[in-house]
Amino acid sequence: MTASKQSITELYELIKDRQTQPIPGSYTDYLFTKGLDKILKKVGEESTEVIVAAKNPDDAAFILEVADLTYHVLVLMVERGITLDQIEAELASREGKMSRLKERSSINKY
Ligand SMILES: N=c1c2ncn([C@@H]3O[C@H](COP(=O)(O)OP(=O)(O)OP(=O)(O)O)[C@@H](O)[C@H]3O)c2ncn1[C@@H]1O[C@H](COP(=O)(O)O)[C@@H](O)[C@H]1O
């Protein structure tokens, strides 16, 4: 049996739906109702939990914390009106830049 998965894009879209069509009692709705400062506080807490879990050999606990942080960062992106496309475009723009930088630094070494 293969484990079911939720893609980052699916989760982002679901979070966006919660913002436009709030479901009372939903945790995501609770975060949007509380606003940016609450979301930032959660991102801070979850980041710390990832750091702590990364120092522990328990992979399951680390995965859980990374998933929590991912969810809260996606909520933050939706709150700020930033799309996954914009992040992907930023990452893509680095691809060329990074390999050019690497090439340059290896040229400078010799
Ligand atoms: N992926 C998540 C997800 N990850 C973490 N969390 C919630 O994040 C909270 C983090 O736990 P904490 O103990 O740190 O926080 P807390 O004490 O519950 O709350 P605070 O008072 O600290 O805000 C928990 O309540 C989790 O349920 C999530 N809540 C929702 N989702 C997904 O978001 C989508 C929309 O779900 P709803 O929010 O239920 O509409 C669905 O796909 C859900 O699976």
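Every number for a ligand or one of its atoms is a count from 1 in the order of the listing.
Listed by chain and number, residues touching ligand 1 at under 4.0 Å (heavy atoms only) are Gln6, Leu11, Leu14, Arg18, Ser26, Tyr27, Thr28, Tyr30, Lys38, Lys42, Glu46, Asp68, Tyr71, His72.
Using a 4.5 Å cut-off between side-chain heavy atoms of Ile, Leu, Val, Met, Phe, Trp and Tyr, with links allowed through other members, Val73 and Val52 fall into different hydrophobic clusters.
A pairwise comparison of heavy atoms in Val78 and Gln19 identifies CG1-OE1, 3.4 Å as the closest pair. Taking every heavy atom of both residues into account, His72 and Ile39 meet most closely at O-CG2, 4.1 Å. Between Thr28 and Tyr71 the shortest heavy-atom distance is OG1-OH, 2.8 Å.
Taken from CD in Glu13 to CG in Leu84, the straight-line distance is 7.5 Å, to the nearest 0.5 Å.
The side chain to side chain contact (heavy atoms under 4.5 Å, CB included) with Leu31 is formed by just one residue from the set Arg18, Lys42, Glu79; it is Lys42.
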